[in-house]
Amino acid sequence: MLKLYGQSVVSWDGDPFVARLTTDCNRPLAVREQEVLLLANEADCYPEGFRAYVTARERLGNTLAYRPRVLPLPALMGYLTDGDVVHIAPRSGQIHVLYRRHSTANTIFVTGRCNCRCIMCPQPPKPTGEEEHWAPMWLAAIPLMAQDTLELGISGGEPTLVPDDLLEILAACRGHLPHTAVQVLSNGRMFNYMSLCRNITCINHPDLMFGIPIYSDLPYVHDYIVQAENAFDQTVRGIMNLRRYGQRVEVRVVLLRQNVERLPDIAYFIARNLPFVEHVALMGLEPMGYAAASWHDIWVDPADYQAPLEAAVECLTAHRIPVSIYNHQLCVLNRSLWPLAKKSISDWKNEYLGTCQTCGVRANCGGFFASARRRHSKAIHVI
Amino acid sequence: MAIDSQPQVPQEPVQSPQTLFQQLDRYKGRAGATYSLLPFRFLALDATRFLLTNFTGELLVLPKEVVRLFVHHRLPIHSDIYYRLKSRHFLIDGDSTVPVDLLAAKYRTKQAALSQFTSLFMLVTTLRCNQSCVYCQVSGRSENEHRFDMTEPVADAAVDFMFRSPSSLIKVEFQGGEPLLHFDLVKHIVRSVEQRNASAHRDIEFVIATNLSRLTEEVIHFCRDHNVYFSTSLDGPCDLHNRNRPSFGHGSYKDVVSGIRRVQDTLGPQRISALMTSTRASLQRPREIVDEYVHQGFSSIVLRTLHPYGRAAVLGTGIGYSIDEWLQFYREALRYILELNSQGIVLREATAVLLLRKILTPWATRYVDLQSPAGIGIAGIVINYDGNVYCSDEARMLAEMGDQKFLMGDILSDQYKGIMLSEALLSPLEETLTECMPQCSDCGIQPYCGSDPVRHYRSQGDMVGFKPASDFCKMHLGLVKHLVRLLEDEPAAAKILRTWI
């Protein structure tokens, strides 16, 4: 698992800032103010003008030790490279990685709060009242991201709970990253408000998609899973409202004990009632957060739900709705489903087991969540 | 703008799930103790089962006693069947109000073709023909009777007329007679439509309905350059085809199969489709007919009945049969087609495809014959060689038999508005809403069916018709019931049929 946050041993007195990393000592002076110079191990120079200086060296040499704004990289963060964007809080020495230049799994976390409390949430929401304001950080980061970034996620928490921040961030994406596909992960409930759909549509983003979950065709089961009254009605109406405004929607179904049996019914419900959705993702559990705590209540071995999974896929495919399977290892899926299995686990938390080393299909396999090393199907085997 | 906590690394919850989460029963309970029925229709599928449909085309097949419990509000809430009825919007309870919104959206989707208005324009370019099919529905004229040709002024008026339709799709179908006998006019129309469309920006499709006997190099090149599709008739193996479709002096089979090959080879296999018309002689030979289509490289076949017009209407020709006999033939042919599919041979029967789309998908279908209100005039329209405008192909066939009941106007002297608002269109249209027609309004297959006022007028002297005596009704009931039985009872067949949509 990639370490995206670290604490340095050095700190200095200064306000937190967002900057892009560079390894080039000769960067034009004009951009140095928004960049942090990543000093090579053997380098012993200190070009003027950069916002800060980081080094992977454990001990600072004489040239650097007494210079201002020099930060040794925390352990395991040596992967950082040219073009990555970080947030640095000098007083505490904290470094957060906001964007990795060579990753396709970059996500903008707009808020930690949520209006659902899904029983399998890998990332439990922050309690309300604990106010935070992350948008300015991201608004500073977006202009520093590379223009050829292929895709970018926007998530939370529930990003629509801070609609003004979300709108500002989408507008920034459109302005600074016009060629980047943006996917917003949302529970869709707030799209009940036409005004939100309208305001988003007004931004006129060229490549925007909303990933919204439907966990059951039975409203009360969905509401139980997300632990919120009327969530199903609001989400379905939200999806319909987005459609009214011409927005593109992907439906995401996480597979758990409470819904796998009705998986073909869920697929049929989507095909019949929301046939305009562009994609359906059928997703395995991530054993973090609440999911880890209630693992025994929610987890079904994927080997035991292959039949309903196949039926659901057949239904969606017949209705020409593209479907993908996320977070599953090939060895637990029926072969007919292999073409749909995506390597969906974000690179920073994607791992394989020891057994996988000799596996013939490892290169095509999505592997495991780092957190799933001890929580996986009994059917895992070498192919 | 400090962030002092890490958003990407989740923390384990401090509380245990038992105290953190509401239990399932709390959400389950809000369904209440009883339920309300949503509008639906039903029909006995067989001795033990009902077929249930709602007005958006959702379908369920249930044992009769279950349906009795259901309508008497005695179905156990939270039973499996209850959930099926609920999920497909046959009932509603306190759990959710969103089914009403979804039904509205689904109904709008199913009726979407209405807002498109007329998209199919059938142009009878000439009545002349070089074949004399036993079932000819228009009684084609001989090759040198040029007074049965469409003139350029009529064609130009027809092109003007088409672009008055608001439809985003304009499909021009050249009919006859044999349109290749008057190919100069076909070319003229194609060019004028293209010219008009340079600024009108509609989706344009051209289809030429031809027996292919006059397929020249010039025709092939023109159709290639202007993206014209071919539709032809292939009734089965050589002897059957020749018997049904004699050409003066010799059979027409050789011409049609060599034409099919030429189009497939030079323009691609997707550029030509074929349909077969069943005569009494066809009924014994379903497999051979299907084999003929496979042999000729088709991936689709249309199995049609005779229509009671033209020569087919003349008694004593010995080509007719009852609908029951035809359904028997259809079932055998379909069974064989499914058998071929299970062996990996791609062949679809187009009537089944249409009905399956109606049954299994939420989408609207554009096929003119199975709509409510009927597609006459408002989905497809016929412009005859002489400039007469009819609401359907059958209407002009009736006119050729001397009955101008469905004549909407004259393309040269009447305005678009006058034609589209003519009594000859509006009064039959009013009588074609199956939602409120006697017997149709209660019929379990209402959402999959339609009405054919011309045919009922012709066979029963009444545009609505008496359904128990209607062949149209009998045929569609037979087809839908058969398909539903396959979907319900034969998993292997159902698996194939589900991929046809």
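- There is a side-chain donor-acceptor pair under 3.5 Å between A:R237 and B:T97.
- Proximity to chain A is limited to the side chain of B:K106, based on heavy atoms less than 4.5 angstrom apart.
- Note: B:L102 CG to A:I239 CD1 = 10.0 Å, rounded to the nearest 0.5 Å.
- There is no side-chain donor-acceptor pair under 3.5 Å between A:D265 and B:S87.
- Using a 4.5 Å cut-off between heavy atoms, B:T56 touches chain A through its backbone atoms (N, CA, C, O) alone.
- Of all the listed residues (A:L218, A:D217, A:T111, A:N230), the one sharing the greatest number of non-hydrogen pairs under 4.5 Å with chain B is A:L218.
- Within a 6.0 Å radius of NZ in B:K495, no more than 12 heavy atoms belonging to other residues, nucleotides or ligands are found.
- Side-chain contact check for B:Y27 versus A:Q227: some heavy-atom pair is nearer than 4.5 Å.
- A heavy-atom distance below 4.5 Å is not found between the side chains of B:R498 and A:H319.
- In this structure, B:L103 CG and A:N273 CG are separated by 8.0 Å, a value rounded to the nearest 0.5 Å.
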Checklist entry - Do A:Y290 and B:F21 pass the ring pair (Phe, Tyr, Trp, His ring centres under 6.0 Å) test, and can you show the C-alpha distance, the side-chain angles, and the key distance before you say yes or no? => result CA-CA 10 Å; A:Y290 291 154; B:F21 299 130; 5.2 Å; yes

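- With chain B as the partner, the residue from A:Q234, A:R243, A:E229, A:R91 showing the most heavy-atom pairs under 4.5 Å is A:E229.
- Ionic pairing of B:R30 and A:D223 is present here: one or more N-O contacts between side-chain nitrogen and carboxylate oxygen are shorter than 4.0 angstrom.
- Relative to the ring axis of A:Y268, B:R88 places its NZ or CZ within 45° and under 6.0 Å from the centre.
- Top candidate by heavy-atom pairs under 4.5 Å with chain B, chosen from A:Q258, A:M240, A:K349, is A:M240.
- The structure places CG of B:L24 at 5.5 Å from OH of A:Y220, a figure rounded to the nearest 0.5 Å.
- Shown here is A:E261, whose CD atom has no more than 12 heavy atoms of other residues, nucleotides or ligands within 6.0 Å.
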